[in-house]
Each structure stands twice: as structure tokens, then as C-alpha cells.
2 protein chains.
Amino acid sequence: MISRQAKYALRALIALSRITPGSAAQTSDIATTEKIPKKFLEQILLRLKNQGMVQSRRGNRGGYALLKPASEITFAQVLRTIDGPIAPLPCLSIIAYARCEDCKDEFTCEIRKVFARVIEPTRQVLERTTIADAAAGRAIDLESLPQMA
Amino acid sequence: MISRQAKYALRALIALSRITPGSAAQTSDIATTEKIPKKFLEQILLRLKNQGMVQSRRGNRGGYALLKPASEITFAQVLRTIDGPIAPLPCLSIIAYARCEDCKDEFTCEIRKVFARVIEPTRQVLERTTIADAAAGRAIDLESLPQMA
DNA sequence: ACTAATTCTATAAAGCCAGTAGAGATTATC
DNA sequence: GATAATCTCTACTGGCTTTATAGAATTAGT
């Protein structure tokens with residue numbers, strides 16, 4: 001399960017990608033239209049700002065706007081910023097690799113092998129899907145449907 | 001990230017799958033060989049017992065044994081028992097479906113679409129891989145390697 | 001019946017997550 | 001400059017999860 005914060009962050013970024021370039025959206029507007037608790041959303045946007053994904057203008061008529069094109073913000077980036085590693089095991093993480101202290105040999109660990117297979121397609125989707133894709137409704141890739149049968 | 005409990009549960013089940021049929025393994029033995037805190041392992045085995053995956057014999061010379069063949073215990077079953085839903089969003093869960101209260105329309109939700117694509121291959125691996133596969137080192141399926149390139 | 005071994009039950013400590021509260025800083029507008 | 005709107009920052013709370021511990025209940029063997 002991804003955290004609620006991560007889901008809110010994705011929704012907020014999609015909302016920001018839809019405002020006219022040059023303008024800014026305010027926390028309270030996003031909170032209302034996306035049904036996100038306002039004070040909670042403030043914290044989330046702040047984290048996104050500190051990560052360099054969005055920029056802000058303070059004061060009256062301030063607000064938030066994307067700092068990068070929506071097509072360059074991937075789901076993986078957002079999830080890693082908010083929830084931390086995407087990998088199911090520390091020994092499979094890219095951004096926070098850690099050896100399992102209780103594991104005899106990482107390269108023969110059968111549990112690791114199984115989850116290595118699990119995480120690989122997940123990463124492919126999350127690294128390739130951007131906020132722009134989601135905003136445009138391009139989330140489903142028809143080429144991938146056949147394997148679902 | 002899966003919980004430590006889930007990883008320990010998988011390792012314990014693999015260990016149990018390796019003892020001679022009819023006999024039982026004791027918590028302390030598994031704890032030692034698998035480097036799992038003993039008292040913590042007791043709770044995990046108890047949960048697996050209440051789920052009907054293993055059976056126990058109490059008292060002196062007691063212990064645990066698998067209740068079902070290792071080839072019929074999937075990774076997905078274990079993860080659901082210990083960690084709960086595998087799905088990244090409540091609205092994509094099989095065992096604990098819940099509508100997102102803050103979601104306008106589930107079937108057009110772009111975030112849901114992306115994660116639907118993410119969870120599908122994950123489920124395929126976890127539902128098809130069994131404790132017996134892991135114990136035998138059959139965790140990697142060679143047919144799946146080409147798509148990793 | 002006693003003892004040692006073992007599972008089982010209940011509870012505790014620490015940390016994480018979701019959400020709330022409020023004071024302070026910055027800006028546009030009048 | 002005063003005011004109102006907005007972002008920024010810190011702290012806090014309640015509930016849940018994770019990890020772990022202490023002790024009660026049960027059993028085999030003598």
C-alpha cells in the first residue's frame with residue numbers, strides 16, 4: 001500500500017499540471033477540488049517544493065506551480081520522495097540499499113530472487129509513467145494489455 | 001517494503017518445508033538457523049497456525065510442521081496473512097477492497113489506472129510462486145528473463 | 001507427581017502515519 | 001503603511017504497526 005500522502009501528492013501534481021503555464025494554484029483550491037485536508041496538503045506541497053518538483057510564491061495571490069514539465073516528473077520520483085524506497089526489500093532498493101543482516105548470502109537468497117522478479121515490472125511502469133501521462137489519460141498502454149489475459 | 005514479519009514468515013515456512021515429513025521443527029531451532037528473534041518468531045508461527053498453514057504440537061518435544069504441501073503455499077497467501085493486502089491502493093485490493101472516499105470516479109481515476117498496471121505482474125509472480133519453488137531454488141523463471149533487457 | 005521443554009497469551013516500548021493547530025514570514029492590494 | 005491572503009515552519013495528538021518481552025498454559029518423559 002502506498003501512503004495517503006503519496007496519493008495526495010500525485011493528485012496535487014496532476015492538478016498543478018493542468019493550470020495555465022505561468023499562473024499558480026493555491027493550496028486551498030487544490031484541497032477543495034481534490035478533497036484533500038488543507039493543512040495536510042500544505043505539508044505535502046512543502047516537501048515537493050524542497051525536493052525541487054514545484055515552486056511556490058508566498059503571500060497574497062501566491063500559490064504553487066510545477067518547476068519541471070509534467071512529462072519529466074515520473075511516478076517513481078514522487079513515490080520515492082514521499083514514501084521512500086519502492087523496493088520490497090532493502091537489499092533490492094536503488095536509493096536505500098542495505099544488506100539484510102540476517103541473510104546468509106544475498107545472491108543465493110531465494111526470497112530475494114522472487115521479489116527481484118516482482119519489483120522489476122513495477123519499476124518499469126513507475127519510471128516510465130509521468131504526471132503528464134496521467135493528466136492526459138494516457139495511463140493505460142494498450143500494448144501491455146495482451147499479457148493481462 | 002514488506003514487513004520484517006513477512007520475510008521471517010517466508011523463511012520459516014521454507015525451513016519447515018525442508019524437515020522430514022512427519023517430524024516437527026522447534027521454534028528455537030528455526031530461530032537459530034534463520035537468525036530470527038525467537039520470541040518474535042513464536043508469534044509469527046502462531047499467526048501462520050491460526051491461518052491453517054502450519055500445525056503445532058505443544059509441550060516438551062513439540063514443534064511446528066507444515067499443514068499443507070509446500071507446493072500449495074504461495075507467496076501471496078503468506079504476504080496477505082502477515083502484511084495484509086498486496087494492492088498498492090485500497091480500491092485495487094482483492095481481499096480488502098475499499099472505495100477511495102476522496103475519489104470522484106474510480107473507473108476514470110488515472111492514479112488507479114497506473115497502479116492497476118503495476119500490481120498486475122506483481123500478483124502474477126506472487127500467486128504463482130510457492131514455498132516449494134523457493135525451497136528448491138526454482139525462484140527464477142528463465143522464460144521471464146528476456147523482458148528484463 | 002515432578003521437571004524441563006515448548007507453545008500460547010497478554011502486554012509494553014518505540015516508531016510511524018494522518019491529521020490538526022497555530023505562530024511567523026512574505027506578498028499584493030488598497 | 002495597513003490589511004488580508006497565502007505560504008512556511010514547528011509542534012502536537014491519537015491511533016496504528018512493528019518489534020519485542022515476560023509469564024502462563026500445556027505436554028513428554030521420568
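Letters A, B, ... mirror the listed sequences (proteins, then strands); counts begin at 1.
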Starting at [atom1] of [X] and ending at [atom2] of [N], how long is that distance when rounded to a whole Å?
{"X": "A:Gln55", "N": "C:dT27", "atom1": "CD", "atom2": "P", "value": "14 Å"}
{"X": "B:Arg47", "N": "D:dT17", "atom1": "CZ", "atom2": "C1'", "value": "10 Å"}
{"X": "B:Leu45", "N": "D:dA20", "atom1": "CG", "atom2": "P", "value": "15 Å"}
{"X": "A:Ile36", "N": "C:dG19", "atom1": "CD1", "atom2": "C1'", "value": "13 Å"}
{"X": "B:Leu46", "N": "D:dT19", "atom1": "CG", "atom2": "C1'", "value": "16 Å"}
{"X": "A:Asp29", "N": "D:dA5", "atom1": "CG", "atom2": "C1'", "value": "12 Å"}
{"X": "A:Arg4", "N": "C:dA18", "atom1": "CZ", "atom2": "C1'", "value": "8 Å"}
{"X": "B:Phe40", "N": "C:dC8", "atom1": "CZ", "atom2": "P", "value": "17 Å"}

Is any side-chain heavy atom of B:Phe115 closer than 4.5 Å to a side-chain heavy atom of A:Ile2?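 Side-chain contact under 4.5 Å: yes.
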
Using the C1' atoms of five pairs at each end, what's the angle between the two axes of the helix from C:dA1-D:dT30 to C:dC30-D:dG1, to 10 degrees?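 That helix has its two terminal axes inclined by roughly 10°.
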
Any donor-acceptor pair under 3.5 Å joining the side chain of A:Gln43 to the base of C:dT20?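 By the distance-only test, yes, there is a pair.
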
On DNA chain D, nearest-nucleotide positions of A:Gly63 versus B:Arg57: which is more 5'?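 The residue closer to the strand's 5' end, by nearest nucleotide, is A:Gly63.
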
For B:Ser3 and for A:Gly59, locate the closest nucleotide of DNA chain D by heavy-atom distance; then report the residue assigned to the nucleotide nearer the 5' terminus.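 Its nearest nucleotide being more 5', the pick is A:Gly59.
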
With a cut-off of less than 4.0 Å, is there a side-chain N or O of [X] near OP1 or OP2 of [N]?
{"X": "B:Lys49", "N": "C:dT7", "answer": "no"}
{"X": "B:Gln26", "N": "C:dT6", "answer": "yes"}
{"X": "A:Lys38", "N": "C:dG19", "answer": "no"}

When we call it a touch if two heavy atoms are under 4.0 Å apart, what does [X] touch: a base, just sugar-phosphate, or nothing?
{"X": "B:Glu42", "result": "base"}
{"X": "B:Thr27", "result": "sugar-phosphate"}
{"X": "B:Tyr8", "result": "nothing"}

Ion pair B:Asp102/A:Arg11, N-O distance below 4.0 Å: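 Yes, charged N to carboxylate O under 4.0 Å.
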
N-O pairing of B:Arg99 and B:Glu106 below 4.0 Å: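 No, B:Arg99 and B:Glu106 are not salt-bridged.
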
Residues A:Thr122, B:Thr122; criterion side chain to side chain donor-acceptor pair (under 3.5 Å); working and verdict: CA-CA 7 Å; A:Thr122 296; B:Thr122 296; 3.2 Å; yes

Closest nucleotide among [options] to the [X] side chain:
{"X": "B:Lys39", "options": "D:dT27, D:dA22, C:dG22", "value": "D:dA22"}
{"X": "B:Ser56", "options": "D:dG29, C:dC8, C:dA18", "value": "C:dC8"}
{"X": "B:Tyr64", "options": "D:dA20, C:dC8, C:dG19", "value": "C:dC8"}

Is the backbone of B:Tyr8 close enough, under 3.5 Å, to the side chain of B:Arg4 for a donor and an acceptor to pair up by distance?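 Here the side-chain-to-backbone pair does not exist.
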
Can you check whether A:Ala135's main-chain N or O pairs, donor with acceptor, with A:Arg18's side chain at less than 3.5 Å?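 Confirmed, A:Arg18 side chain pairs with A:Ala135 backbone.
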
Start at the 5' end of DNA chain C and walk down; is the nucleotide closest to A:Asn60 or to B:Asn60 reached first?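 The answer here is B:Asn60.
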
Using the closest heavy atom to pick a nucleotide of DNA chain C for each, name whichever of A:Ile2 or B:Ser28 lands nearer the 5' end.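 Taking each residue's closest nucleotide, the earlier one in sequence belongs to B:Ser28.
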
Heavy-atom pair with the smallest gap, counting every atom of B:Met1 and A:Leu89: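 Where B:Met1 meets A:Leu89 most closely, the heavy atoms are SD-C, 3.9 Å.
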
Check each of B:Ile82, B:Val78, B:Ile44 against B:Leu10 using the side-chain contact (heavy atoms from CB on, under 4.5 Å) test, and report the only one that passes.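 Of all the options given, the one that passes is B:Val78.
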
